[in-house]
Amino acid sequence: MFAVHLMAFYFTKMKEDQIKKVDRFLYHMRLSDETLLDIMTRFQAEMQKGLGKDTNPTASVKMLPTFVRAIPDGSENGEFLSLDLGGSKFRVLKVQVSEEGKQNVQMESQFYPTPNEIIRGPGSELFEYVADCLADFMRTKGLTHKKLPLGLTFSFPCAQTKLEEGVLLSWTKKFKARGVQDTDVVSRLTQAIKKHKDIDVDILALVNDTVGTMMTCAYDDPYCEVGVILGTGTNACYMEDMSNIDLVEGDEGRMCINTEWGAFGDDGALEDIRTEFDRDLDFGSLNPGKQLFEKMISGLYLGELVRLVLLKMAKAGLLFGGKKSSTLLTKGKIETRHVALMEKYKEGLANTREILTDLGLEPSEADCIAVQHVCTIISFRSANLCAAALAAILTRLRENKKLARLRTTVGVDGTLYKIHPQYPKRLHKVVRRLVPNCDVRFLLSESGSTKGAAMVTAVASRVQAQRKQIDRVLSLLRLTPEQLVRVRDKMRAELEYGLKKDTHPQATVKMLPTYVCGMPDGTEKGKFLALDLGGTNFRVLLVKIRSGRRSVRMYNKIFAIPLEIMQGTGEELFDHIVQCIADFLDYMGLKGAQLPLGFTFSFPCRQTSIDKGALIEWTKGFKATDCEGEDVVDMLREAIKRRNEFDLDIVAVVNDTVGTMMTCAHEDPNCEIGLIAGTGSNMCYMEELRNIELVEGDQGKMCINTEWGGFGDNGCIDDIQTQYDKEVDEGSLNPGKQRYEKMTSGMYLGEIVRQILIDLTKQGLLFRGQISERLRTRGIFETKFLSQIESDRLALLQVRGILQQLGLDSTCEDSIVVKEVCGAVSRRAAQLCGAGMAAIVEKRREDQGLERLTITVGVDGTLYKLHPHFSWILQETVKELAPRCDVTFMLSEDGSGKGAALITAVAKRLQQAQKEN
Ligand code: BG6
Ligand code: BG6
Ligand code: GLC
Ligand code: GLC
C-alpha cells in the first residue's frame, strides 16, 4: 500500500518537475490574456488597414473582397460541380441542391492525390491535372455532354474583382507551382478544361475555403457570418458592411471579406511574440518571411515546431539523455496528427512513447511527460493566437451592428480543429473569455466547404440567368449596321416622296416649304422681337443685330407654360403667350415700340408665305384645342387684338430647326442644315427649288422643314420598333404619330427607359420585383436625368443617388442595370438620328453632283447639349453611313431666336422693297 503511495507521489513529483522544466524552457510561448488582448487590438488595426483604399497596398492582412454578398436563403437549387483544392485533400464533387426545404443537399465526391511534382511543378501542368481529374470524375459519374456550373474552392489568397475571377497573390502552405502567381486562376483552369472536348463546364464562382465553410454552415444556421479554417493553413472570413469596404463600389448591404489572417505579422507586427523556433521554422519553409501568423498556428507547422523544440531540448541535454536520432533531425518527421495523438486524454502518454520510439529515440517516462507538455504548449499557443484574431473579428462585427451583445455563429473546418482532441474546447474557452459580450456558437462544417461553394455557385448561376434575361431585353434595342443602312435608305425614299406633288399628300415626312430662301449675308440689322415656343422653354426675346460685324445682342426672359394651358383651349394658349409678351415689354420698357416680330413655332406648319403658317397638328406635349388647321400668325394677331394693349408687326413664322440653321449660318455660311435633338426631333435643310414640286420656280434654294419626326408613321420602320416603343406611343398625346421622333427625342427616351424598367421589374430583375408608384409615373426620366445617369464621371453611388432623388429606391446592382438601359436607349436614338442625317447629306451631295460634300449642320436641343454620348454617337454614325460627306456639327449657342430675328430682318427688307415697288 505504502509502495503504491510512494509510486504515486514519485510520479506526481516527476510530472511536476517535467512540466516546470518545459514551462521554463518555453515560457515565451505561454501567452497571458493580457498579451492576447493586445494581439487582438493589433489585429483590429490590421483589419482596418487592409480595408482602407490608401492603406491596403501596404497592409499585410489583405482583407480581400470576395464578391459573395449574401448568405444562402434556402432558395438555391440546381446541380453543380465543385472542386476543392488547397487543403490537405483535393476533391471533385457533384452537389445537388433542391429548393424544397433545407438540408436537401446531396453530394457525391471523389478524392484525387496531389503529388509534390504537380503542386510544385509548372503551373500549366497543375491546371491540366486538375482538369483531367474533373474530366475523369464527370466520365465516371456520367456527366459528360451536360453543361454544368462549377464552383471552385481555391484555398489561397486571390484578388477578386468579381466572383468568377481571382488573381493569385501568392502561393501558401505546400503549393508552389510556377507561373501561376499574378494570373487569373479561373481562366487558367477554364483553358485547361477546354482541352477536354467531352465536358462542358462554366466556372461561375471562385471561393476561398473559409468562405465555402461559412456558407456551408450558414445553410444550416443563418446566424453564421464567420468562417474559420484550422487545417493545413489557417484563415478566416466574415461578413463586412459594404460601407467599410473601400475597394468595392457601393455601400449597400454586406460582403464577405477573406481576411487572409495567415499573413498577420509579415510586416513585423508580431516580432515580440515570435520565438527562435518560429524563426527556424520559417527559415526552412517554402515561403520564408510569409504567413508568419499561420506558421504559429496551423496544421502544416505545429508538428515541425514540436520537432524543433524537442531537438533543441535534446541538444541542451534536457531530453533523451541528450541523445538525438537521425529521424528527429529530419524536417517534417513530426506531424500535427502526431501532436494530436500525443495529447489524447488517456492514451496520450502511451502514444507519445510509441511515436518517439518510432522516431528512433529511447524515451524515459519523464521524457514522454515532457514531450507531451511541449505539444500542449505549442497547440495551446496556436489556439490562443487564433482566439485573439477571432475575438477581433467578433468585436468588429458587434461594433458594425452597434450592438451591446452579439449573438453569432462561427463555421469552422480543418483537420487541426477536427482531429486534435483538446483544440476546439480550448479555442472556444479563450474566445469567450476575450469577448465576454459575444454569444458565440461554433459550428463544425461536416461537409467541407464545397456545399457552401455550391450555394455561392447557385446564386451566381441565378445572377447569370438574370443577366441573360437583361441582355435579351437590351439586345432588342441594338441595331446592326445593316439595319442602320436600311433606315438611312428608307429615310431617303421618304424625303423624295414628300417633295413630289403626287406623293406629298400621303407622305409621312412632310417636307414643308418654309419660304426661307437665302442665308444671312451680314447686312441684316435692326431691333427685333422674337418668340420661341415649343422647346423645353418658352422665351420672349429682344434681338439687336448690328450689320457688318455680325454682332448680335439678345435679351430674353423665360416663361412657364403650365400644362393646363398647353392642353387647354387655343384661345387660352395664345392669350397666355400675349400676356408673356406684355410682361416682357414692360420688363424691357418697350411698351408701345412697334417692333417687327419673328415667331419660332416648333410644330409642323403648312406655309404659303413667310408670315403664314397653318398648324398641321400638334406634336410633343402640346394639345390645345381649336388650333389644328388654323394659321398660328392669325391666332397670335387675334390674341393681341383681344388684349388691346399694344400692336406687333408679325413678320415671320419659323420652325426651330430653321431658326437654328439661321443662327449658325450667321457665323458659318456653309451651314445649310438645321437639326434639333431636344424635346422633339426634327431637321431642315436648303433644297434646290427645282426639286420642290409644291412651290413654283426652279431657281435658287428654299429651306425645307422635313418634319422627319413623322418618319415611320406608315409602318416602314416597324421592324425595329420594340414593345416598349409601342407602349410609349400608346401612352402619348398623339398615338400612331411621330414614331421616329418617339425613338429619338428627349421627351420620349426617358419614357422608353421607364417602360423597360417596368418590364424588367415585372420579370423580377430589378427593384426586388416591386413596381413602385414612382415608376408608374409618366415623364420622371427627363433628359437631364438620363444625361446625369449616363455620365462616365459618375460613380455607381451617385447614380443610385440620382435614382433615389427620382424616388426610385435602388440597390447598386439595380443602378448598374438602369444605367445600361439608359445607355442602350440613347445609343439607339443617336444612331437612328445619325442614319436620318446621313440620308440628307447624301441627297445633297448627289443632287449637286459632288464627289465629296462639305457641309455644316447647326444643332440645338437639350438631348444633344446635355447628354454625354448622344452627340458623338450621332456623328460617328453619320461618318459611317455617309462616308463621302464631311459634316461639321455646329452647336447653336444662342438658340433659334437669333435665327428667327435674322429671317425677320430679311423678310422685313423684302416687304419694304415690295411696298416701294
Ligand atoms: C475541408 C474543406 O473540409 O477543409 C477544404 O472542404 C478546406 O476546402 C479544408 O481547405 C481545410 O482543412 P485541411 O486540414 O484539409 O487543410
Ligand atoms: C432651343 C431653341 O435652344 O432649343 C428652341 O431656341 C428649340 O427653338 C429648342 O425648340 C429645342 O430644344 P429643347 O430640348 O428645348 O426641346
Ligand atoms: C492559407 C491560404 C488561405 C486559406 C488557408 C486555409 O492561409 O492562404 O487562403 O484559406 O490557408 O486553407
Ligand atoms: C417636333 C415638331 C417640330 C420641331 C421638333 C423639334 O418634331 O413637330 O416642328 O422642329 O419637334 O422641336
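Below, each value reflects all heavy atoms present in this structure, side chains not excepted, and no hydrogens, waters or symmetry copies. Both counts, for ligands and for their atoms, begin at 1 and track the order of listing.
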Find all atoms of ligand 2 within a distance of less than 4.0 Å from any non-hydrogen atom belonging to [X], and give their numbers and elements.
X: Asp532; result: 2 (C), 5 (C), 6 (O), 8 (O)
X: Gly895; result: 3 (O), 6 (O)
X: Gly678; result: 12 (O), 13 (P), 14 (O), 16 (O)
X: Ile676; result: 11 (C)
X: Thr536; result: 13 (P), 14 (O), 15 (O), 16 (O)
X: Gly535; result: 10 (O), 15 (O), 16 (O)
X: Ser602; result: 10 (O)

Sub-4.0 Å heavy-atom approach of Gly231 to ligand 3: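 Checking ligand 3 against Gly231, which is what was asked, there is no heavy-atom contact under 4.0 Å.
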Any N/O pair Glu260/ligand 3 closer than 3.5 Å: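 Yes - when backbone and side-chain N and O of Glu260 are compared with those of ligand 3, one distance drops under 3.5 Å.
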Could you tell me if the side chain of [Y] sits less than 4.5 Å from the side chain of [X], heavy atoms only?
X: Phe601; Y: Leu615; result: yes
X: Lys865; Y: Asp860; result: yes
X: Leu427; Y: Leu230; result: yes
X: Leu270; Y: Leu292; result: no
X: Val552; Y: Val543; result: yes
X: Glu672; Y: Tyr685; result: no

Within ligand 4, which atoms have a heavy atom of [X] less than 4.0 Å away?
X: Ile676; value: 6 (C), 12 (O)
X: Thr619; value: 1 (C), 2 (C), 8 (O)
X: Glu741; value: 1 (C), 7 (O), 11 (O)

Residue selection (non-hydrogen contact nearest atom 14 (O) of ligand 2) among Thr862, Asp860, Asn556: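 Looking at heavy atoms only, Thr862 sits closest to atom 14 (O) of ligand 2.
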Closest to atom 10 (O) of ligand 3 (judged by heavy-atom distance), picking from Asp209, Val211, Ile297: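 It is Asp209 that holds the nearest heavy atom.
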Please identify which atoms of ligand 3 are closer than 4.0 Å to at least one heavy atom of [X].
X: Thr172; value: 1 (C), 2 (C), 8 (O)
X: Ile229; value: 6 (C), 12 (O)
X: Gln291; value: 7 (O), 8 (O)

Criterion side chain to side chain contact (heavy atoms under 4.5 Å, CB included) on Leu863 and Thr744, from CA distance to verdict: CA-CA 9 Å; Leu863 183 57; Thr744 52; over 6 Å; no
Heavy atom of [X] under 4.0 Å from ligand 4?
X: Gly680; value: yes
X: Gly678; value: no
X: Pro604; value: yes

Short N or O distance, Asp656 and ligand 4, threshold 3.5 Å exclusive: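 Yes - when backbone and side-chain N and O of Asp656 are compared with those of ligand 4, one distance drops under 3.5 Å.
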Distance-only N or O hit between ligand 4 and Asn705, under 3.5 Å: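 Min N/O separation from ligand 4 is not below 3.5 Å for Asn705.
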Nitrogen or oxygen of Ser896 less than 3.5 angstrom from that of ligand 2: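 Yes, since at least one N or O of Ser896 sits under 3.5 Å from an N or O of ligand 2.
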Minimum-distance protein heavy atom relative to atom 7 (C) of ligand 2: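 Answer, as residue, atom name and distance: Asp656 OD2, 3.5 Å.
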Shortest protein contact, atom 9 (O) of ligand 4 (heavy atom only):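 Going atom by atom, the protein heavy atom closest to atom 9 (O) of ligand 4 ends up being Glu707 OE2, 2.5 Å.
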Within 6.0 Å of NZ in Lys418, more than 12 heavy atoms from elsewhere: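 Enclosed.
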Minimal non-hydrogen separation, Trp708 against Ser681, with atom names: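 Smallest heavy-atom distance, with atoms named: NE1-OG, 2.9 Å.
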Donor-acceptor contact below 3.5 Å, side chain Lys784 vs main chain Leu866: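 Side chain of Lys784 to backbone of Leu866: no pair is present.
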contact_flag Gly746 ligand 2 heavy-atom lt 4.0 Å: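 No; Gly746 lies far enough from ligand 2 that no heavy-atom distance drops under 4.0 Å.
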